[in-house]
Enquirer: 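Here's a structure for you.
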Amino acid sequence: MAIEIEQPLTSKSWLQALAKSERQRLSGAALCGVLAGSQTVILVVGLAWLIDQLVVQARPLIALLPIFALLALSVLMRAVFQWGHETLSLEASLRIRQRARAQVLDKLATLGPVWLASRHSGSLANQVVEHIDALEGYFARFYPQLRITLWLPILILLVVGWLDYLVAIFLLLSAPLIPLFMALVGMGAERLNRDQFVAVSRLSAHFIDRVRGMTTLQLFGHTSAAQRDVWYATDEYRRLSMRTLRLAFLSSAVLEFFASVAIAVVAMYVGFGLLGYIEYGPSPSLTLFSGLAVLLLAPEFFQPLRTLSQHYHDRASALGAAESVVNILNEPGLITDGHETPHVASSLVELVNACVAYPGRGHVVGPLDLTIEQASVIAITGASGSGKSTLLALLAGFISPSSGEYRRHANSQYAWLDQQPCLLHGSLADNLRLASPQASQEQMLAALTRSGFGPLLDQLPDGLETAIGERGIGLSGGQAQRLALARIYLSNAPLVLLDEPTASLDQETERFVITALLQLAQEGRTLVIATHHPAVITAAHRHLVFENGQLREVKE
């Protein structure tokens, strides 16, 4: 039995898959566009017939009122179909972008915090927001217009062929030149758009890095150099944008040139044919009606191609944006549900012959056999890079084992604390509610007092509404750690995972945090701590040492 290997996504295959999800709306938008174009054909032919009847046949105006009413109805119908085209295409584009953004966010959740920690948040935010929004023009304008360009010129060609087959043949011969040159120009536009999206992602990451490090740059007197670096990065982005726009204008100019030449040739044929200078084929039978009708229909024949050319830049932008998004979607996930087995035993978490392998790095740790019992304190030690952080990430569910089993109690929850706690831009209360969204003000004050943050809170005029910056800007390292510790008190999670929580603290704050953590253990909560601190190792019920990717328990 052959095993089918899933092929990685490409920009085009991903866009096609998104388009299939809204096929009905996109097809309806294209159909409305064709029907709107058909009303234009009726208007043009009817107008030519009216002029012929008034000028050549000398019919009274009142006798032609029904035809005027029919043309007025065509104008109304054209507006209705145009409204339907725009409404359906915009709705389809909105739904597709929502679906695409959900795919990316789901993929980021599957990749997990371990993968996200190695990426620039500014670049990822730009991809989730700006790159997805760049798909709007492709689905709202280019994709339906591509279908309209296929069917509407055929309809016009049939009408022109009925009036004068020589003009139809000439239009048929001149039409392929326009898409050919559009494609040639579009290849370069696609490459430039891809480079442009890469540049803006780098610019976002570069700018956020400089903003986050502004305090350090000021302390060492490098703000001018940082400002100059940002200016150079933005100037490079400006150059790429101008090159892309220049190529887009060139594409439109190529189309206008060939369309103008073709229309001019039709006008010359009609003029000389009506004057009697051309006597080949249907030329002798040219009338004011047929000549004026084909002359007015010639620009309408090229109009769908003109519109497509205007939106061809949307296609190049979408392909460039999709490539960066597809790179994320093609990343192998670190979190899967296949290795997690809920159970109802007395243990909180259990690893059975579990191994961890990272894409590109291969096997990292394992096989590991570990059972985390309730109300226990486990200290994990080992050399830097031995696998302590990987084990904690595995216990937290941030990554899944590449082999073996990861079993977790059905109702188990965990709290996480490391040496660089995740603090968001907002108030103290906002950060505390991450652990307990329904926490009252009294509960938050009690948690802060218990974590040792109370004396600082009493000095803040805004209290719990005091604003802090991202990553705790405005707080010292010890204050940020105590705020994170207060979140653990609020969470009431039975399992607390700690990754070197005191590594960057002064001795006084370190002693306070360790004492507070050991109090958690006395309350019956389970602590798993990656540490080198003797007090924690002494107080722990179990001491595990990482050696060569394997766990060894030290018996006291």
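All residue numbers refer to positions in the sequence shown, counting from 1. Computed from a predicted structure; not experimentally measured.
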Enquirer: Grab the two heavy atoms, one from A30 and one from H85, that are nearest each other, plus how far apart they are.
Expert: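 For A30 and H85, the tightest heavy-atom pair comes out as N-ND1, 4.5 Å.
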
Enquirer: To the closest 0.5 Å, what do you measure between CD (Q103) and CD1 (I132)?
Expert: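 Spacing of CD (Q103) from CD1 (I132) equals 8.5 Å.
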
Enquirer: Check this for me: does any side-chain nitrogen of one of E22 and R99 sit under 4.0 Å from a carboxylate oxygen of the other?
Expert: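 R99 and E22: salt-bridged.
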
Enquirer: Stepwise, does the side-chain contact (heavy atoms from CB on, under 4.5 Å) test hold for E323 with V325?
Expert: CA-CA 5 Å; E323 182 168 346; V325 175; over 6 Å; no

Enquirer: Are V365 and L391 close enough that some pair of their side-chain heavy atoms sits under 4.5 Å apart?
Expert: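 Contact flag for V365/L391 side chains = no.
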
Enquirer: Can we say D499 and K388 salt-bridge, meaning some charged N sits less than 4.0 Å from an Asp/Glu carboxylate O?
Expert: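 Salt bridge: no.
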
Enquirer: Looking only at side-chain N and O atoms, does D430 offer a donor or acceptor that is under 3.5 Å from a partner on S427?
Expert: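 The answer is yes; a qualifying pair exists.
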
Enquirer: Identify the heavy atoms of L26 and A19 that sit nearest to each other, and give their distance.
Expert: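 Heavy-atom minimum between the residues: CD1-O, 3.7 Å.
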
Enquirer: Using the side chain to side chain contact (heavy atoms under 4.5 Å, CB included) rule, pick out the option among L111, T110, V326 that qualifies with E331.
Expert: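 Only match with E331 under side chain to side chain contact (heavy atoms under 4.5 Å, CB included): L111.
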
Enquirer: Would you kindly say whether H131 and S324 are connected by a side-chain donor-acceptor distance under 3.5 Å?
Expert: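 Side chains of H131 and S324: pair found under 3.5 Å.
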
Enquirer: Are side-chain heavy atoms of N431 and L424 found at a separation under 4.5 Å?
Expert: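 In short, these two side chains touch, coming nearer than 4.5 Å.
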
Enquirer: Is it the case that the side chain of S21 and the backbone of L18 share a donor-acceptor pair, with hydrogens and angles ignored and the cut-off at 3.5 Å?
Expert: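 Between the backbone of L18 and the side chain of S21 there is a qualifying donor-acceptor contact (under 3.5 Å).
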
Enquirer: Could you check whether any side-chain heavy atom of K12 comes within less than 4.5 Å of a side-chain heavy atom of L319, counting everything from C-beta outward?
Expert: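 Touching, per the 4.5 Å side-chain cut-off.
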
Enquirer: Answer whether the closest heavy-atom distance between the side chains of C355 and P401 falls below 4.5 Å.
Expert: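 Of all side-chain heavy-atom pairs linking P401 with C355, none is under 4.5 Å.
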
Enquirer: Between D106 and R101, is a salt bridge (charged side-chain N to carboxylate O under 4.0 Å, His left out) present by the stated rule, with each step listed?
Expert: CA-CA 8 Å; D106 289 344; R101 188 168 284 117; over 6 Å; no

Enquirer: For the OG1 atom of T515 and the CG atom of L520, what is their distance to the nearest 0.5 Å?
Expert: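 Going from the OG1 atom of T515 to the CG atom of L520 covers 11.5 Å.
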
Enquirer: Please round to the nearest 0.5 Å and tell me the distance separating atom CD of E373 and atom OG1 of T526.
Expert: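 The distance works out to 8.5 Å.
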
Enquirer: When you look at CD of E553, are more than 12 heavy atoms from neighbouring residues, nucleotides or ligands closer to it than 6.0 Å?
Expert: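 More than 12 within 6.0 Å, yes.
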
Enquirer: How many angstroms lie between atom CG of L498 and atom CG of L527, to the nearest 0.5 angstrom?
Expert: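 Separation between the atoms: 5.5 Å.
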
Enquirer: Would you compute the distance between atom CD1 of I372 and atom CG of L497 and round it to the nearest 0.5 angstrom?
Expert: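 Taking CD1 in I372 and CG in L497, the distance rounds to 8.5 Å.
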
Enquirer: Which atom names give the shortest non-hydrogen contact between P144 and Y138, and what distance separates them?
Expert: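 Shortest heavy-atom contact: CD-O, 4.3 Å.
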
Enquirer: For V545 and L551, what are the C-alpha separation, side-chain angles and deciding distance, and is it a side-chain contact (heavy atoms from CB on, under 4.5 Å)?
Expert: CA-CA 6 Å; V545 180; L551 274 179; over 6 Å; no

Enquirer: Hey, does L483 have a side-chain heavy atom less than 4.5 Å from the side chain of Q479?
Expert: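 Of all side-chain heavy-atom pairs linking L483 with Q479, none is under 4.5 Å.
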
Enquirer: Could you report the tightest heavy-atom contact between S93 and L135, atom names first, then the distance?
Expert: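 Smallest heavy-atom distance, with atoms named: OG-O, 4.4 Å.
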
Enquirer: Could you tell me which non-hydrogen atom of L445 sits nearest to which non-hydrogen atom of L457, and how far apart they are?
Expert: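 In terms of heavy atoms, the two residues are closest at CD2-CD2, 3.3 Å.
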
Enquirer: Closest heavy-atom contact between V128 and V104?
Expert: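 Between these two residues, the closest heavy atoms are CG2-CG1, 3.8 Å.
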
Enquirer: Is there a side-chain contact between L392 and V528 in this structure, where contact means two heavy atoms from C-beta onward sitting under 4.5 Å apart?
Expert: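 When only atoms from C-beta onward are counted, V528 and L392 do touch, with a gap below 4.5 Å.
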
Enquirer: Does the side chain of T381 come under 3.5 Å of the side chain of H543 through a donor N or O and an acceptor N or O?
Expert: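 Short answer, yes.
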
Enquirer: Quick check: does any side chain N or O of N330 sit under 3.5 Å from a backbone N or O of L9, one acting as donor and the other as acceptor?
Expert: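 Judged by distance alone, yes, a pair lies under 3.5 Å.
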
Enquirer: Is there a donor-acceptor contact under 3.5 Å from the side chain of S89 to the main chain of A140?
Expert: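 Yes, because the side chain of S89 sits within donor-acceptor range (under 3.5 Å) of the backbone of A140.
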
Enquirer: Is a side-chain N or O of E86 found less than 3.5 angstrom from the main chain of W83, in a donor-acceptor match?
Expert: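 Checked: no pair found.
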
Enquirer: Could you check whether any side-chain heavy atom of Y489 comes within less than 4.5 Å of a side-chain heavy atom of T449, counting everything from C-beta outward?
Expert: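 Not touching, per the 4.5 Å side-chain cut-off.
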
Enquirer: Please check: side-chain N/O of R552 versus main-chain N/O of F546, any donor-acceptor pairing under 3.5 Å?
Expert: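 Not at all, since once roles are kept as given, no pair shorter than 3.5 Å links the two residues.
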
Enquirer: Do the side chain of S436 and the main chain of R433 share a donor and acceptor less than 3.5 angstrom apart?
Expert: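 Side chain of S436 to backbone of R433: no pair is present.
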
Enquirer: Check whether any side-chain N or O of Y414 sits under 3.5 Å from a backbone N or O of A396 as a donor-acceptor pair, and report yes or no.
Expert: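 Looks like yes, one N/O pair under 3.5 Å.
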
Enquirer: Give a yes or no on this: more than 12 heavy atoms of other residues, nucleotides or ligands lie within 6.0 Å of atom NE2 of H541.
Expert: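 Yes, enclosed.
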
Enquirer: Would D369 and N353 count as a side-chain contact (heavy atoms from CB on, under 4.5 Å) here? Give the steps.
Expert: CA-CA 5 Å; D369 292 289; N353 204 31; 4.3 Å; yes

Enquirer: Would you give the length of the straight line joining atom CD of Q16 to atom OH of Y143, rounded to the nearest 0.5 angstrom?
Expert: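 One gets 7.5 Å once the value is rounded to the nearest 0.5 Å.
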
Enquirer: Is any side-chain heavy atom of L464 closer than 4.5 Å to one of L448?
Expert: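 In short, these two side chains touch, coming nearer than 4.5 Å.
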
Enquirer: Kindly determine whether I529 and E500 satisfy side-chain contact (heavy atoms from CB on, under 4.5 Å), including the steps that lead there.
Expert: CA-CA 7 Å; I529 311 173; E500 299 283 1; over 6 Å; no

